[in-house]
Amino acid sequence: MSKPDGMFDEALLLFFDESREMLQQMESALLTLKAGQGDIETIHAMFRCAHTIKGTSGIFNMDRVVKFTHQVESVLDRVRKGKLASDPELCEVLFSSCDMIAALLDQTEQHCQDQGALAACDAAAELLIQRLSHFLGHVVTAQATPAPAEDAGHGAEAVWHISLRFHEDTFRNGFDPLSIVQYLKTLGQIVGLAVVEECLPDWDSFDPESCSLGFEIRLRTEATKLEIESAFEFIGDDCTARIIPPTRRAADYIALMAQLPDEQRLGDILVGCGGADARSARYCLNAATERSRCQQWTPVQSAGRNPGRAKKSDARSARCRAGPSGQACCHAPGNGTVCPRTRR
Amino acid sequence: MPIAPIVIDGELTIERVAELKSQFDTTLQAARSGDCIVLDMTGLYNLDGAGLQLLLGFSRALASLDARLSMQGTPESSLSLLAEYDLLERFSQAKPVSLS
């Protein structure tokens, strides 16, 4: 396969454009803050901008942008949580930070090869990271890797379950499923990860450029569902993400298994990565088996490879929504209407 | 007669999976029950999702013949990646063996 195709390039262009717009919004918000006219929504808006730029640049493997913007995001996170007051000094550092993000984006967009310019920019970024780190109450060394915002006290953080299934054109569209996992690591700590390979075709029909991968991920994080969903924003239709809040209820896993009826080993995988306990998995499996048996006796639902999907209630459940148990199934957060595609 | 290790040099990424699958096809045709196919990963410097998927597919194809896949010389970065995805046991790491 040659270079990433047009869809990837378009997404990248869109990202650069939107990032610059978001930087302008951040600067406007900073001016408002500096004039003493800002409120909590001003801070939230700035945080969202930094978070989106960081998240999306992570999807595109722009490590320099991710590393720097992460630090900005962490500081803004403290401000929005009331742990840090905004003052003229902070505003000044944040103004400089916006300039730095813009510079890093420019160099990335222009594929800058000038080692001197790159090194100078990195050195300036490190200095700013040091200044920002004072607002976090600790000093970050130059080698430090991005850690999740407010990274102390992991023990108290909740563990989310994220079930990902990538669509066949994922590779062709220039996306690498591993980069999504890499990005999720910036939101917290991955405490369980299993590769789902049940959808891999037999070797004779195996097309190595078609993606059949899936992941079951346990993510310990303080992030909100919206923040987790943002990891999948730019990959759009190439990934079906099902996000289970930290409830560990059997009902959530039954719903997950019901949505993936072809994956007979999912129960074992969920137990293996710590998503469900064995009892829940057995319960899920029994429920799924029972469900499958029922569907076999209903002719109108039995056509196709995923007979259950013909059922009206299942069609509804396949839409983006948060169900009664809080389970979310989404593509491209924000549009709220895209359904997971059934494998053909 | 043991099958010589397959040398994976450079990238095991979307750019090369089609080419490598053809190479694996040839190996599969020669593989017999009980064989252990070794991938020499010494020269590997980049592994992406497509490469990982190809390894999984090849491993499954070998398993269907009662053969297995092993690796040798896997660089630390790829070992870390395999460990992160809980695949270290799946792709056991062999010590280099001389065929002479």
Side-chain angles (χ1 to χ4, degrees), chain A residues 1-5 8 59 61 164-182 184-185 189-218 235 238-239 265 268-269 271-275, chain B residues 6 8 10-32 35 37 39 44-69 75 77-91:
Chain A
M1 185 174 145
S2 58
K3 298 292 288 177
D5 72 3
F8 182 86
I59 299 297
N61 293 317
L164 302 180
R165 297 296 180 273
F166 295 91
H167 296 157
E168 59 180 348
D169 289 331
T170 301
F171 298 143
R172 293 191 191 91
N173 288 335
F175 293 112
D176 182 359
L178 306 191
S179 67
I180 296 286
V181 175
Q182 199 62 25
L184 287 173
K185 282 156 66 177
Q189 182 189 7
I190 290 182
V191 295
L193 173 55
V195 179
V196 180
E197 51 181 299
E198 282 201 276
C199 295
L200 253 64
D202 291 339
W203 187 256
D204 287 342
S205 48
F206 184 93
D207 174 1
E209 294 183 350
S210 289
C211 186
S212 304
L213 288 176
F215 299 135
E216 297 295 330
I217 300 168
R218 305 284 299 163
I235 198 167
D238 280 325
C239 175
R265 286 192 58 246
D268 292 339
I269 292 170
V271 174
C273 72
Chain B
I6 303 172
I8 310 284
E11 295 189 316
L12 180 38
T13 62
I14 184 63
E15 308 289 339
R16 291 193 62 210
V17 286
E19 162 208 336
L20 287 166
K21 182 179 184 275
S22 301
Q23 201 176 340
F24 292 170
D25 277 337
T26 310
T27 303
L28 274 171
Q29 284 164 13
R32 299 286 177 269
D35 279 350
I37 308 301
L39 297 182
L44 177 75
Y45 61 77
N46 193 9
L47 174 63
D48 72 358
L52 192 68
Q53 178 181 266
L54 180 67
L55 292 175
L56 289 167
F58 188 39
S59 158
R60 286 160 63 99
L62 285 168
S64 70
L65 299 173
D66 280 331
R68 64 188 179 89
L69 183 63
S77 57
S78 298
L79 280 178
S80 303
L81 192 141
L82 293 177
E84 185 180 359
Y85 287 80
D86 200 19
L87 293 170
L88 267 186
E89 279 186 32
R90 174 75 171 275
F91 302 117

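Please read these numbers as outputs of a predicted model, since none were measured by experiment. Below, read A as the first sequence line, B as the second, and so on, with proteins coming before strands; counting in each chain starts at 1.
Atoms CG and CZ, on B:Leu56 and A:Phe206 in that order, are 8.0 Å from each other to the nearest 0.5 Å. Taken to the nearest 0.5 Å, the CD atom of A:Glu209 stands 11.0 Å off from the NZ atom of B:Lys21. Note: A:Phe175 CZ to B:Ile14 CD1 = 13.5 Å, rounded to the nearest 0.5 Å.
Residues A:Phe171 and B:Gln53 have side chains in contact (heavy-atom distance under 4.5 Å, counting atoms from C-beta outward). Using a 4.5 Å heavy-atom cutoff, the side chains of B:Tyr85 and A:Leu178 are in contact. Taking the side chain as every heavy atom from C-beta outward, B:Arg90 and A:Val195 never approach each other to under 4.5 Å.
Only the backbone of A:Ser210 comes within contact range of chain B, with at least one heavy atom under 4.5 Å from a heavy atom of that chain. Heavy atoms of B:Leu87 lying under 4.5 Å from chain A belong exclusively to its side chain. Residue B:Glu19: no heavy atom, backbone or side chain, is found under 4.5 Å from chain A. Of the atoms belonging to A:Asp202, not a single heavy atom falls under 4.5 Å from chain B. For chain A, the nearby part of B:Leu47 is the backbone; its heavy atoms alone come within less than 4.5 Å.
The backbone N or O of A:Ala194 sits nowhere less than 3.5 Å from a side-chain atom of B:Asp86 that would complete a donor-acceptor pair.
Note on B:Leu20, B:Leu28, B:Thr13, B:Leu52: by heavy-atom pairs under 4.5 Å with chain A, the leading option is B:Leu28.
Nearest heavy atom pair, residue B:Ala18 against residue A:Pro208, reads CA-CG, 3.9 Å. Nearest heavy atoms, A:Leu200 versus B:Arg60: O-NH2, 3.5 Å.
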